[in-house]
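Heads up: the structure comes next, in structure tokens.
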Protein chains: 2
Amino acid sequence: MSGPRRRSRLSRGSLGNIEEKMARIAFIGGTGPEGLGLAMRFGKVEGNDIFIGSRSQERAEAAAEKVKGKVPQARVRGLLNAEAVEKAEFVFLTVPWEAHKETLESLAEVIGNKILVDVAVPMVWEEGGPRIVQVEEGSAAQQARAVASRAKIVSGFHHLDGHDLQKIDRPMQGDVIVCGDHKPAKKKVLELVEEIEYVRALDGGPLANSYLTEAWTYILVQLNRTYKAHTGIRIVGI
Amino acid sequence: MSGPRRRSRLSRGSLGNIEEKMARIAFIGGTGPEGLGLAMRFGKVEGNDIFIGSRSQERAEAAAEKVKGKVPQARVRGLLNAEAVEKAEFVFLTVPWEAHKETLESLAEVIGNKILVDVAVPMVWEEGGPRIVQVEEGSAAQQARAVASRAKIVSGFHHLDGHDLQKIDRPMQGDVIVCGDHKPAKKKVLELVEEIEYVRALDGGPLANSYLTEAWTYILVQLNRTYKAHTGIRIVGI
């Protein structure tokens with residue numbers, strides 16, 4: 001779990017060009033805490049290229065500057081959403097629920113058959129606190145599949161706290177449970193998860209399970225409020 | 001987390017009779033792995049009275065013998081379900097989903113306004129593996145409230161592995177997330193949870209959240225199959 005992460009990734013084999021092993025990762029909605037935090041963690045890994053997408057070039061560039069402020073060595077650029085998607089192999093969707101469907105509709109064509117990592121949680125904030133939203137398709141990830149129908153949809157990263165992610169000098173705690181039906185894409189995402197030091201990737205089964213991992217976030221948010229904490233999940237016994 | 005558990009419980013105060021501090025706990029469906037395991041753990045605590053309920057006196061007594069085999073000092077008896085309920089302050093419901101509603105219907109009157117701890121998970125086993133069942137009332141716990149309408153319903157203990165519970169010489173890992181609307185009853189159950197050494201009790205909010213904690217068991221069961229493990233949950237960050 002320690003030492004240079006890049007080396008461990010390379011040591012997994014392949015005689016190919018080293019450059020091909022570096023991940024090109026876009027964060028759509030990368031100006032929020034979760035997208036920013038993940039961009040910082042992945043930006044720490046040597047060789048990764050990070051593209052922060054926004055509907056506003058200015059906000060995208062400001063977010064990229066924030067990442068560089070925390071991770072000076074990061075290779076990170078702020079771009080319009082569609083440009084960020086175009087450059088990436090992994091497209092992370094880290095938008096608030098209210099923007100989920102609309103964002104996907106506007107980007108589905110440029111996403112094409114790329115790997116789309118949906119981090120969205122169908123939850124809205126109201127005066128009294130958070131409220132779960134019932135999704136017609138069953139879950140955020142299944143809505144993503146319905147809209148971006150050619151993409152390889154994988155869901156995960158819901159349980160890593162955005163503010164903790166941005167404290168990049170502290171190790172993250174917790175597991176990332178990944179769901180998906182496209183096995184090679186899920187495998188790539190499981191490998192990507194473990195680039196974040198001390199975070200463990202677990203295979204949560206098919207995409208149809210994603211409503212459970214998404215909804216679990218709702219309990220974490222409630223625990224955060226009850227215990228004034230930033231919570232995550234660790235699966236014990238594995 | 002160490003030392004005699006009973007002492008720490010007594011030290012919580014009250015000038016009343018010591019006997020009143022001891023918990024009388026019934027396990028309906030206490031012949032299965034979860035009920036047996038919990039009976040063993042609570043049987044380890046000095047002064048607790050454990051009543052294992054079954055539809056068959058013979059099976060109840062056999063289960064009580066199993067508990068004594070592992071925990072010789074346990075004060076445990078095997079009884080018919082209704083008799084076990086009558087004697088208890090806390091009634092744990094640890095039946096398979098198929099028996100949930102029927103068992104409640106047959107015992108609702110004797111349960112009365114006692115504390116009912118629902119451990120049931122709306123899940124059935126089929127040839128291909130486990131399947132989640134949609135519950136009309138929203139969750140197992142809400143079904144319990146609909147049927148045993150005078151009882152103080154609290155849900156919890158879904159994520160402690162039944163087989164691990166029975167390995168009584170090993171500490172349990174993981175958290176128990178407790179949901180309920182009756183605050184004094186929930187508080188009592190939260191205290192009861194921590195009689196199991198190393199297990200932490202967390203308040204998961206209202207009973208309406210129980211469908212999330214129940215359903216999470218489904219992911220744990222899938223992880224158990226994928227990783228050949230006995231899993232539980234630990235919330236990090238608290």
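Per chain, numbering begins at 1; letters A, B, ... match sequence-line order. Given the structure is predicted, the values throughout are model-derived calculations rather than measurements.
In this structure the side chain of B/Ile235 never reaches within 4.5 angstrom of the side chain of A/Ile219, judged on heavy atoms.
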Write out all chain A-chain B donor-acceptor pairs shorter than 3.5 Å, or none if the list is empty.
residue, atom, partner, partner atom, Å
A/Asp203, N, B/Tyr227, OH, 2.8
A/Asn209, ND2, B/Gln222, OE1, 2.7
A/Gln222, OE1, B/Asn209, ND2, 2.7
A/Tyr227, OH, B/Asp203, N, 2.8
A/Gly232, N, B/Val236, O, 3.0
A/Gly232, O, B/Val236, N, 2.9
A/Arg234, N, B/Arg234, O, 2.7
A/Arg234, O, B/Arg234, N, 2.7
A/Val236, N, B/Gly232, O, 2.9
A/Val236, O, B/Gly232, N, 3.0

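Each of A/Leu220, A/Leu212, A/Leu202, A/Ile233 has some count of heavy-atom pairs under 4.5 Å with chain B, and the biggest count is that of A/Leu212.
Of all the heavy atoms in B/Gly237 and A/Ala229, the pair that sits closest is O-CB, 3.4 Å.
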